[in-house]
Structures are given as C-alpha cells and as structure tokens.
S.K.: 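This is the structure I want to talk about, given as structure tokens.
Remember, predicted model here, so these are calculated numbers, not experimental data. Numbered from 1 within each chain, the chains take letters A, B, ... in sequence-line order.
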There are 2 protein chains.
Amino acid sequence: MQMTSSTIYDVAKAAGVATSTVSRAFSNPDRVGAVTREHVLEVARRLGYQPNPHARALVSRRTRTVAMVVSDITNPHFFELIRGAEMRAKASGYTLVLVNAEESPRIELEQVHRLTRSVDGFLLAASRQPADDLLQLAANHRVVVVNRRVPGLASVVLEHAEGCRQMVAHLASLGHESVVYLAGPRSSWMAASRWAAIRGAAAELGLRAQRMGPFAPTVASGGAAADAALTTGATAAIAHNDLLAIGVMRRLADRGVQVPADVSVVGFDDIFAADLCTPTLTTLGGAHADVGRAAVEILLNSMEQPRDLAPELVVPSELILRRSTGVPGRPAGR
Amino acid sequence: MQMTSSTIYDVAKAAGVATSTVSRAFSNPDRVGAVTREHVLEVARRLGYQPNPHARALVSRRTRTVAMVVSDITNPHFFELIRGAEMRAKASGYTLVLVNAEESPRIELEQVHRLTRSVDGFLLAASRQPADDLLQLAANHRVVVVNRRVPGLASVVLEHAEGCRQMVAHLASLGHESVVYLAGPRSSWMAASRWAAIRGAAAELGLRAQRMGPFAPTVASGGAAADAALTTGATAAIAHNDLLAIGVMRRLADRGVQVPADVSVVGFDDIFAADLCTPTLTTLGGAHADVGRAAVEILLNSMEQPRDLAPELVVPSELILRRSTGVPGRPAGR
DNA sequence: ATGAAAGCGCTAACAA
DNA sequence: TTGTTAGCGCTTTCAT
C-alpha cells in the first residue's frame, strides 16, 4: 500500500504507454487493444492506482454523485426512501449525498445551490418549494421530485389518491359518517393532494369531511391535532402521517377517548412503529424503498438518455388495516 | 441566471483583477484588500459565479466532504446518528455522504476505497472490520470510529459498560437471579463489550449470566432468540438491541409467555418504537445524535489540528425503565 | 490502436 | 496587496 497515491502518469510510465492509454483503459476500455488493456490494468493494480474523481469530474463534468434532499431527516418514513436510493446509487457506482432541509424551503434551495457543481443531479423528497421555484430549479439542474407531482418534472410518488379513496371507503363501510383530515404542513403538496382525494371520496360516499390544521407531522403535535379532531365531532380522524396519528392516539388515550370505539384513527406511511403502537395503526403503506430506488434510476437514465422526457412514476400503495379503525360506538372486537 | 456557469476568469476579467485575487477573495478573504474584495464578490454575485469544488479539491486536496459508513442502514438506531452527523457537517459547510455497508466488512472496505479520493475522512459506525484492518485503514485515511473503541483510533461511543452494570443491577433489585444475553453479530465490538460488562456485573451481584447467539439485530431474528432464551431458564433477557428485543417480546407473546411476569426483557438504543411497543421496552438509551455530531467534530478538528491525537469520547447513556421489566413471577403492577 | 498535447477551474508559490 | 505562472490528475481532440 502506497503512502501517496499514484497517478495516471506513474501507471503510464510503469506500463510503457501514454497517459491517454491508461485513461482509456479505465474509462473507455473498448478503445484499447485487449492485451494493452490487461497489461495497463495489471500495472495499475500493482501500483494501487485509483482514478481521482475530482480530476475526472473537472474535465468530464460528471461526478457520479447524486444528492438526496429530504424535508426532514427526523421522520422515520424517509428512512426507507433513503435506503432504497442509496442502494440503487451504489449499484451503479454512484455516491449518495444526504441533505436535510429541516422543513425549510430556504435551506433546501441553499443546499441545492451549494451542491450544484458537486453532484450530477438532485432527488428532492417532499420538497417544500413552490412549484414555480421547482420548475426554475429544474431549468438549471437535473431534478427528480419525490412524493410530489409537478407537471413538467420527472417525479416518483407513492400512490395515494386511490389510497385515500379506499381509506374513506373503509371508514364508510364501518359505519362512519363524518371524518376529519388532520392536515400536514401548508407547503406540503401531499397534504393538499390528500385532502382533495379525501374530500372527493367522502362526497361520493356521502360522508361529511372536514379539515383541521395544518399540523407539524410529528408525534408532539398530535396533542393539538387530537383536540382539534374532537371538537369536530367526527368519529374518524385521518392524520397526515403515522407520527401525527400516533401522537393523536396518545392524546386520545390521555383524555379517556377509546380508539377505535369512540374514534377511529388512520395514518400514512406504515412506519415500523405503526405495527407496534397500541392499538396498532391502520395506515396507507407501500414500498418506500422502491420509490427511492426508482427516483435514482430515473435520474441516472436522464443523464444518458435523449433528454427532456419527464416520467411521472407512481408506485402502488396498500391500505393496511389494523386495530385503530373499527365500528363507531362499538368496543374493539376480541 | 446563466446557462453555463462562469469561472474565476470571467470574474477576474469583469472585475479587472487577476484570477488569484478572485481565488483569494473566496478562499482567503483577509489576504485581499477590503475594497477589492467587496468589488470582486459583487462582480462574482452578478455573474452568478460559484467556485467549482472539483477544481478546488484537485489542487487543495480538501473536498469538504465526509463519508459516514453505517453497518446497516435498515436499523432505525442509526437514524439519529446520521442526523447528528449531517447537521454538524452542514454547519461547517461540509457535505455528508452516506454509505450502507449492509453488515458486510467487505463492502465496508470497498466503499472506503472507492471514496478515498472523494472525501476528507470517514466515520465508521459500528464497523464490522477486525481491529487490525481498521488500524491499517487509519494509516492511510482519516478515520473516526463510532460506537466502537479501537486503541489508537479516534472514537466516539455511547457509554454502555456502566449502562450494562445498571441494567443488571436493576434486574437484580427486582429479584432476578439468572439473566441471558442475546448477543448481536459475532463481528460486533459492541456485542463483545456488552457481554463482558454484563457478565462482570452479574458476577459481582451474584447473578447467573449466560450468553446465547449470535443473532442478527433484527425483529425477525427475535423469534429464535426468544426460544433460545426460554431454554436457559433465565427470568430476564437482555437483547443486543431494541429491534431484537421487540422481536423477542413478540415471540414470547405468541408462546403465551408474559412479559414481564414470566420473563423480563431489556434492549439497547431506545429507538422510537421502544416507547410504543407492548409492553413498552426498558432499554439503554442516550443522545445518539450527539454521538454523530461529536464524531464529525473530531474528524473536522483532526484536519486542522497538529494531528495524531486520537481522542476517545464517551457520550453518556441512560437506563430507561419501562414496562418490560418487573419482579419475576408477579403480574405487571397497575 | 496509440500517442502528444491542450485544457478543465482552481490554488499556491513566487515576484513585484 | 496584487499579479504571474506552474501545476493538480484527468479526458479528449487530433495526429500518427
């Protein structure tokens, strides 16, 4: 193992070829005679040569790095997303840079600017940016938005319109007549989109639907959300995500309200904890890792491809029925 | 907003100065006259100039990027660690690259090699590498190991020896006379270290201690772990982490074994779910985010500093008593 | 198929 | 304080 790393020059000299040949052997193997190539690679191995990615990026303008910007790294839901993205990136020899936007559109923008020259593209997960800003951003950067749809931009979302419909239908079939949506952050596209779907489904099925909030998508804000929900008289609460739903259930328990006998509670994401809390949480889940994977894939493709197609991928979701939903007014079965 | 980004040359020309002056204005501001500096920066802003990090890294040999390699990104415990590290890095204008080693020492090593030239240093979290390999690695790379101690290497660990002692003492005070440690992966330093501490404390306090395993630190392997624990006749099981503990409790419930009346269960990490499962889990927690933060800080310091000090930081832990531990043979109180 | 040579955008001596 | 200039390690024409 060398102290100081060798360069293309060292390899070229040791192999008795030109530097360009060494370069080709690594980045354009079929432009080099088979024997020369093997020889060069062998020498390179012996010398412990590793291409310098910065030198490479400087001239080729490709960094083999992608950045994933998440709205809030604190939310366990992003875990799977990040995991899927990391694995897919690694599989193609790409590196994943992780950025936490801390729920701030400003930080989000700042970081994108900061990283512009260092990465080949961006995955913007649950971006809090206005659509126009995103479009402008995408004019200068390679971008895939995740869990958000912006016409004209490549995107991957976990299906949720149909999911919301099923959710409401599930509640309706249990006998609920009034539901309340405990909304997520004002700037969350998901929150708006879900509310539209819930309201639509409720109208169709003859339920009353109200919206309260916005609430931060955290356990802590579940207290306020629960109290708000109770004032509406609704027998079912659909929380913006599982964290909020768990917080709501906590507060309801504290206030002596039974779930699901008095109030049914539903969440989104199917985080790990959804299957552990008491009662276990009915929620809209799906393969979040696939979302991350697909997003990276689209980004990588967009770098090779003709360009300018903006695929909008929808990964299927599934409504997972657990113990937090039930017939209103009836104590939980068994 | 320019289509193509401007360089130091554009700025230099537009500002009527030499390129080196522009360079200094950005990377060494106090080596430039105040008025020139302001002028240059103003022009740069107008031109939308952004320093190219690769060009910069190529000559300066600093990338302002650090990599965090985690043994298994699937484990929610790493979440906090990653979060702390990301925030600390960002605060210093550094970028955090995330790498999942998938529990494989080989992948761990491969990735470190792959990233050598792209990052200024590595955070190796719960490394599965043998100590010798780590030392060798550290000879050629700037490394901080996290949640592992290797003499001679900078490290940050969440305190757990004293934590294990308190854990055993807690169990002893409840009347337990025999405990079993459900060990984590064979290559986990933590697993070895915890067993040593548990065994020591048990001996001191006159308890019988056994070890079973190794088990993968996942919910899924909790089944086998629970069955193994039952064969020992111990009244208390200390699982390698919360995931395993939760899996154990599930299996015990399935087998009709009461927790904590029949068997007490303890975990490590205090993941979010530990406070949600039934019964809630007694566990050794602590500020994992601080661990991540500190690790980055040590890494960054080691880049400026005289060098060759290898601080070993210990972040305090706390034993969090919940409902999964109790007096053996007695149904849970209230 | 291979080599020579010109940069990519920046920093860091060294001069002035 | 500022300018000149030689690279950093690599890719990529353009020749051969």
S.K.: Over the length of the helix from C:dA1-D:dT16 to C:dA16-D:dT1, how much do the five-pair end axes diverge, rounded to 10 degrees?
M.R.: 30°
S.K.: Closer than 4.0 angstrom, basic N to acidic O: yes or no for A:Glu108 and A:Arg128?
M.R.: no
S.K.: On DNA chain C, which is the earliest and which the latest nucleotide, 5' to 3', with an atom closer than 4.0 Å to a heavy atom of chain A?
M.R.: C:dA1 to C:dG9
S.K.: Supply the atom-to-atom distance B:Glu80 CD to B:His288 NE2, rounded to the nearest 0.5 angstrom.
M.R.: 7.5 Å
S.K.: Other residues, nucleotides and ligands only: do more than 12 of their heavy atoms fall within 6.0 Å of CZ on A:Arg31?
M.R.: no
S.K.: Could you state the interatomic distance from CG (B:Asp290) to CG (B:Leu313), rounded to the nearest 0.5 Å?
M.R.: 9.5 Å
S.K.: Is it true that the side chains of B:Arg114 and A:Thr95 contain a donor and an acceptor less than 3.5 Å apart?
M.R.: yes
S.K.: Parallel under 30°, tilted from 30 to 60°, perpendicular over 60°: which one fits the rings of A:Phe26 and A:Tyr49?
M.R.: perpendicular
S.K.: Please determine whether a side-chain nitrogen of the Lys or Arg among B:Lys13 and B:Asp10 lies less than 4.0 Å from a carboxylate oxygen of the Asp or Glu.
M.R.: no
S.K.: Assess whether a salt bridge exists between A:Glu102 and B:Lys90, defined as any Lys/Arg side-chain N lying under 4.0 Å from an Asp/Glu carboxylate O.
M.R.: yes
S.K.: Do B:Arg83 and A:Thr74 get their side chains close enough for a donor-acceptor pair, meaning under 3.5 Å?
M.R.: yes
S.K.: Using a strict threshold of under 4.0 Å (side-chain N to carboxylate O), is an ion pair present between A:Glu110 and A:Arg106?
M.R.: yes
S.K.: Which letter, B, S or -, goes with each nucleotide of nucleotides 1-10 of chain D from 5' to 3', with contact meaning a protein heavy atom under 4.0 Å?
M.R.: SBBB--BBBB
